[in-house]
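Worksheet for the structure shown next.
Atoms considered below: every heavy atom in the structure, side chains included; atoms not considered: hydrogens, waters and symmetry mates. Nothing here was measured: the structure is a model prediction, and the numbers come from that model. Read the numbers this way: they start at 1 and go in the same order the structure lists the ligands and their atoms.
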Amino acid sequence: MKTIDKMYVNGEFVTPNGTDLFDLISPTTNKLTGQVVLGNEQDVNLAVAAAKEAYKTFSQTTKEERITYLQKLHDAVAKRQDELVDVMVNEYGGTYQFCKNSVGYMLSSFTTAIETLKAFEFERTVGRSKVLMQSLGVVGIITPWNSSNGFICNKLATAISAGSTVVIKPSEMSAQQTQLLLECFHEAGLPKGVFNVINGLGTVVGNAITNHPDIAKISFTGSTAVGKSIARGAVDTLKRVTLELGGKSPNIILDDANFETAIPMAIAAAYMNSGQACIAGTRLLVPENRLDEVNQLVKATVEKVKVGNPADEDTVVGPMVSKKQYERVQGYIKLGIEEGAQLLIGGEGQPEGLEAGNFVKPTVFTNVKNTMRIAREEIFGPVLSIITYKDEEDAIAIANDTDYGLQAYVSSGDGQRAHRVASKIVAGRVMINALTHDPHAPFGGFKQSGIGREFGSYGLEEYVEPKTLLV
Ligand code: NAD
């Protein structure tokens with residue numbers, strides 16, 4: 001049993017003013033593993049005051065100084081990679097495979113930020129004017145549990161690149177991961193107050209960050225519902241917002257694709273992070289005259305998907321993060337059956353022998369209509385819907401018939417055709433015959449998947465604002 005009873009303010013681990021406790025429960029065993037002391041509004045005020053003070057000097061640092069800090073953060077995180085993987089696996093049940101990649105993503109956040117910063121022009125000439133790209137001020141960072149430390153690293157690296165200081169509120173369910181990451185950040189020896197971290201509930205600490213007059217911008221990753229409430233709250237002080245929200249990503253398999261490779265890739269896209277991923281490809285769009293073949297291939301692939309102990313290197317689907325999330329996924333499986341979708345594999349209940357944790361059966365529905373709720377709502381678990389299309393145009397129309405627009409996938413044997421289809425899909429990123437990541441390329445959503453972009457120079461632009469000097 002571990003109690004996390006410190007927050008991080010002004011370069012020190014300090015005791016929060018808040019005294020409420022939140023239980024940390026292993027999703028693999030449902031046993032209590034620890035508790036975290038939750039901060040309150042007073043704690044947010046202290047953190048913002050520290051960040052505001054630090055901003056006075058940090059905003060004046062040179063590119064070279066910021067690069068040095070980013071490198072120090074990178075090196076401190078790199079030293080504890082194995083522990084960072086383990087704590088993710090244990091705390092939220094992320095699979096070893098996913099968590100290892102996620103720690104790689106954390107490190108690449110810093111290296112990419114360094115490369116971006118080197119090339120970024122903070123002074124530009126436009127017409128007869130000089131334009132200074134100026135940092136916004138103190139940034140509030142609010143993150144979800146499903147890759148908590150990755151999001152913190154990326155957002156912090158971008159803020160530092162811009163010359164901003166930050167107040168971070170991670171998910172209350174990520175306290176142990178946050179603690180370890182904070183130990184790394186502390187070791188990096190940045191000036192006091194550049195980063196401050198308050199554990200706490202969204203409705204308390206998150207809300208206080210949203211409303212605080214001394215916070216200039218919020219960078220949020222999480223659900224669309226909470227993103228909307230942050231945007232509403234941010235209006236009163238006209239905070240800038242970057243919102244990375246939910247998704248219901250389409251995966252179009254064109255008729256000329258190699259189904260033998262495209263289908264296993266589609267299952268990997270649907271079940272990444274045990275299906276608890278905003279970019280999961282949860283709507284598989286296939287030609288209607290090839291449905292039988294697709295069903296067979298999908299079934300054969302999913303039968304081989306290993307569900308179980310997330311620490312095992314070959315586990316693909318681990319437990320759902322919480323009992324609540326488990327119940328939510330079960331609810332959607334039940335709903336799919338009620339809506340008349342055909343259950344191809346999986347279904348309600350737990351896989352045999354895994355009753356102690358929040359494990360669900362990797363599930364696929366076929367003959368799904370895009371109007372069904374299982375095809376429209378984010379389930380956030382390993383549940384895939386197969387939907388048929390008549391022709392290319394129909395596939396694009398179904399892909400775009402969604403409130404979301406975060407990511408999409410296209411498989412085709414013809415590169416030009418795949419590009420044509422990809423260009424017509426309304427989504428921030430489209431993967432063509434691939435399941436990969438480019439930390440330099442913009443990432444973010446159209447429609448209700450969010451506002452703004454992260455990564456590389458597009459991401460950095462969101463943390464600065466142009467100021468024109470006219471002589
Ligand atoms: P969530 O929206 O419930 O919580 C995210 C964070 O917001 C947490 O730190 C939470 O405590 C905080 N929060 C909750 N209520 C708040 C409020 N009223 N004011 C301020 N902060 C508040 O999301 P979650 O369950 O932690 O994560 C899953 C969701 O995140 C999914 O919808 C998923 O699609 C989304 N997500 C999006 C991306 C992306 O990059 N687009 C990446 C990962 C996850």
Side-chain angles (χ1 to χ4, degrees), residues 22 27 36 38-39 41 44 91-92 94 98 102 105 109 140-155 158 167-175 177-178 197-212 215 218-235 239 241-249 272-282 320-322 324-326 328-329 332 377-381 402-408 427-429 437 439 442-455 459 462:
F22 181 85
V36 56
L38 300 169
E41 195 176 338
V44 172
E91 186 166 49
Y92 89 96
F98 181 84
S102 183
Y105 168 105
S109 300
I141 292 174
I142 303 177
T143 55
W145 50 264
N146 72 335
S147 191
S148 177
N149 283 351
F151 298 126
I152 291 175
C153 286
N154 179 48
K155 291 175 195 295
T158 315
V167 175
I168 302 169
K169 192 213 88 67
S171 166
E172 54 279 15
M173 284 191 277
S174 308
Q177 297 165 65
T178 308
V197 180
I198 311 291
N199 287 311
L201 298 179
T203 45
V204 179
V205 172
N207 197 45
I209 290 175
T210 303
N211 294 320
H212 204 294
I215 291 187
I218 293 189
S219 179
F220 170 77
T221 297
S223 62
T224 295
V226 172
K228 287 179 185 177
S229 89
I230 288 176
R232 276 184 214 110
V235 158
K239 286 183 180 61
V241 289
T242 299
L243 303 173
E244 294 289 354
L245 311 176
K248 192 75 192 177
S249 302
M272 70 170 87
N273 207 9
S274 310
Q276 301 172 124
C278 52
I279 54 172
T282 47
M320 302 295 94
V321 69
S322 61
K324 191 174 157 208
Q325 186 62 20
Y326 168 84
R328 179 184 156 89
V329 177
Y332 274 106
E377 298 174 16
E378 190 181 46
I379 298 174
F380 233 54
T402 170
D403 290 338
Y404 295 108
L406 188 60
Q407 182 142 307
R429 265 192 188 189
H437 173 59
F443 173 79
F446 281 76
K447 301 194 269 182
Q448 295 195 31
S449 285
I451 294 176
R453 294 293 179 266
E454 294 198 289
F455 298 124
E462 305 248 340

task: State, yes or no, whether a side-chain contact exists between Ile215 and Lys239 at a heavy-atom distance under 4.5 Å.
output: yes
- request: Check the pair Phe443, Leu406 against side chain to side chain contact (heavy atoms under 4.5 Å, CB included), reporting the backbone distance first and the verdict last.
  value: CA-CA 8 Å; Phe443 173 79; Leu406 188 60; 4.0 Å; yes
message: If you define the side chain from C-beta out and look only at heavy atoms, does anything of Arg453 sit under 4.5 Å from Thr242?
response: no
message: With a 4.5 Å cut-off on side-chain heavy atoms, are Lys155 and Glu454 touching?
response: yes
- prompt: Would a 4.5 Å heavy-atom cut-off, applied to side chains only, mark Phe151 and Tyr105 as touching?
  reply: yes
- prompt: Near ligand 1, which residues have a heavy atom under 4.0 Å away from one of its atoms?
  reply: Ile142, Thr143, Pro144, Trp145, Asn146, Phe151, Lys169, Pro170, Ser171, Glu172, Gly202, Gly206, Asn207, Phe220, Thr221, Gly222, Ser223, Val226, Ser229, Ile230, Glu244, Leu245, Gly246, Cys278, Glu378, Phe380, Leu406, Phe443
field: Heavy-atom side-chain contact between Pro170 and Asn199 under 4.5 Å
entry: yes
